[in-house]
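First comes the structure, then the notes that go with it.
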Amino acid sequence: MKAGDDTYAGGPGPVRHDVEAVNARRRQALYQPRVKIFPKRTWGTFRKLKWWIMAVTLGIYWITPWIRWDRGPNAPDQAVLVDFANRRFYFFFIEIWPQEFFYVAGLLIMAGLGLFLVTSVAGRAWCGYACPQTVWTDLYIWVERLIEGDRNARMRLDKAPWRVEKIAKRSAVYMAWLVIAICTGGAWVFYFADAPTLFVDLFTGQAAPVAYITVGILTATTFTFAGFMREQVCTYMCPWPRIQGAMLDEDSLLVTYNAWRGEPRSRGQKRTAAEGVEAGDCIDCNACVVVCPMGIDIRDGNQLECITCALCIDACNDIMGKVGRPQGLISYTTLRDYNTHASEAKTSGRAEATARQRTVGVSHVVRPRTLIYAGLWSLIGIIMLFALATRDRLDINVLRDRNPLFVTLSDGSIRNGYTLKILNMLPQRRAFTVSLEGLPAATLWLAGDSEETPTRSIDVEVEPDRLKEIKVFVRQAPEAVEPGAVDVSFLVSGSDGETVSEATEFFAPGQ
Ligand code: SF4
Ligand code: SF4
């Protein structure tokens, strides 16, 4: 790092950093060792946005399992809970049963469409701002910077021999990382059991082994991925950089170095001006490279490694302010705008094109492709909301006896047996009436009950949030018996008016 070769507004020029992008072409070998990255701290709009998003996402992750939601005495009071033991998923007022898993599938489709929408508008904004790998790596770098100092101090410490200062600082960093990693793994298991109970159980050794194993695995992966592997996870392990290319078009906003404005770059603009050479706005200070968490140089063009975190925009805007040039040498720009500005720079001159440089506007966001994604996203959301609002809270499943298919009784009547599974999906005990639809002369009774009083319906009570299995027999009088299979349905009616029915068959000898 050294002071700039030029002066601006009477003061020394911005500091120039000696750094090279980790993927610089001349260094590229098939199996090259990792080049350690020590991102420098930066300030600016996008850095602030990233802090806010980090605070919100981490807050949601850590706080959510502790939110309580009263569902009455027969259901858990945790707002968000994946209850594997009882095969339920609770999300505030919504309770999803296994047979309603299509709601989860719908949510996943919406998440996918949302990702497509964000990518087609602003490239890998998900990667740069909200992906867990980015958020936790950012947090780990913040801790590292707090204890070891900014880029240069960290680089010095990294090269220093293992003496007291290095051992003390590195131990403090690793301890802090470990605490964060344990909290990360710990928070995850709270989504799968009552959080306050599991918290105590984890510390008293009473939690299930799977809880300890899960915390252990997530602690190890968080510590390794965010502490040591960092940008390598994004570049080599994540498939998203490869997929995203298909979702970008020439109207997608990407972090772009406006080469039409910055080139030819020069480290001494006043000197080059004095020599009659027209230099671009880039003073080749490398500030954009040293803040990049991926260690790349955005001036080499759009790259697979770029997660569009926009920290290079903040760094360069800061430099442009110092050298008295307009901001936006690196900016969120579409390919179409870039080409327009580049041709304007050729025809009307660089200064004119810079003055007309377009900022992000509504038209970048609202276009046919994004409208289609947003429309599909909204449609699925509306369908799911409608289905949720109108879904049954009662279900029935009928299994007919197959061995024997029927029994001929002493008076010549025919009896068929059925197993009925009645599902009460509300957190209250409910009374139901089970009746027959079809076979007007038939009667039914509960297995174990007497059939002395012929009846067409029986009463059943089902515990809250439970499935009740009952065995019933249906008897057809001899004079009404039809040979072969006859359609019949079981109708279950709740005292609250909810009804469901399921069709089956009644078998008699013949045909
Ligand atoms: S693009 Fe901006 S930050 Fe990067 S080297 Fe040029 S002037 Fe410096
Ligand atoms: S090049 Fe810029 S936007 Fe891309 S990862 Fe580096 S700092 Fe972030």
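All values below were derived from every heavy atom in this structure, side-chain atoms included, with hydrogens, water molecules and symmetry-related copies excluded. Each ligand, and each atom within it, is numbered from 1 in the order the structure gives.
Residue D150 forms a side-chain contact (heavy atoms from CB on, under 4.5 Å) with just one option from M155, R145, E144, and that option is R145. For the side chain to side chain donor-acceptor pair (under 3.5 Å) test with Q357, the passing option among R261, H341, E344 is R261; the others fail.
In this structure, the separation between CE on M229 and OG1 on T224 is 8.0 Å, given to the nearest 0.5 Å. Residue I283 holds its CD1 atom at 12.0 Å from CZ of R265, rounded to the nearest 0.5 Å.
Taking both residues in full, the closest heavy atoms of R68 and A195 are given as NH2-CB, 4.0 Å, listed atom of the first, atom of the second, then distance. Annotation for L198 and A207: closest pair CD1-CB, 3.8 Å, computed over non-hydrogen atoms.
Using a 4.0 Å cut-off between a side-chain N of Lys or Arg and a carboxylate O of Asp or Glu, R299 and E263 do not qualify as a salt bridge. Under the 4.0 Å criterion applied to side-chain N and carboxylate O atoms, D318 and K322 are assigned as salt-bridge partners.
Ring-centre distance between W377 and F116: not below the 6.0 Å cut-off. Taking the ring centroids of F91 and Y103, they lie at or beyond the 6.0 Å cut-off.
The protein heavy atom nearest to atom 6 (Fe) of ligand 2 is C292 SG, 2.3 Å. The protein heavy-atom contact nearest to atom 8 (Fe) of ligand 2 is C309 SG, 2.3 Å. Ranking protein heavy atoms by distance to atom 4 (Fe) of ligand 2, first place goes to C306 SG, 2.3 Å. If you check which protein heavy atom lies closest to atom 5 (S) of ligand 2, you get I307 N, 3.5 Å.
Atoms of ligand 2 found under 4.0 Å from any heavy atom of I298, numbered from 1 in the order shown, are 1 (S). Listed by number with element, the atoms of ligand 2 under 4.0 Å from a non-hydrogen atom of A310 are 3 (S), 8 (Fe). Taking every non-hydrogen atom of N286 and a distance limit under 4.0 Å, the qualifying atoms of ligand 1 come out as 5 (S), 8 (Fe). The atoms of ligand 2 that sit less than 4.0 Å from any heavy atom of M294 are 5 (S).
Excluding waters, the set of protein N, O or S atoms lying under 2.8 Å from atom 2 (Fe) of ligand 1 comprises C316 SG.
Looking at T308 against ligand 2, only its backbone comes within 4.0 Å, counting heavy atoms.
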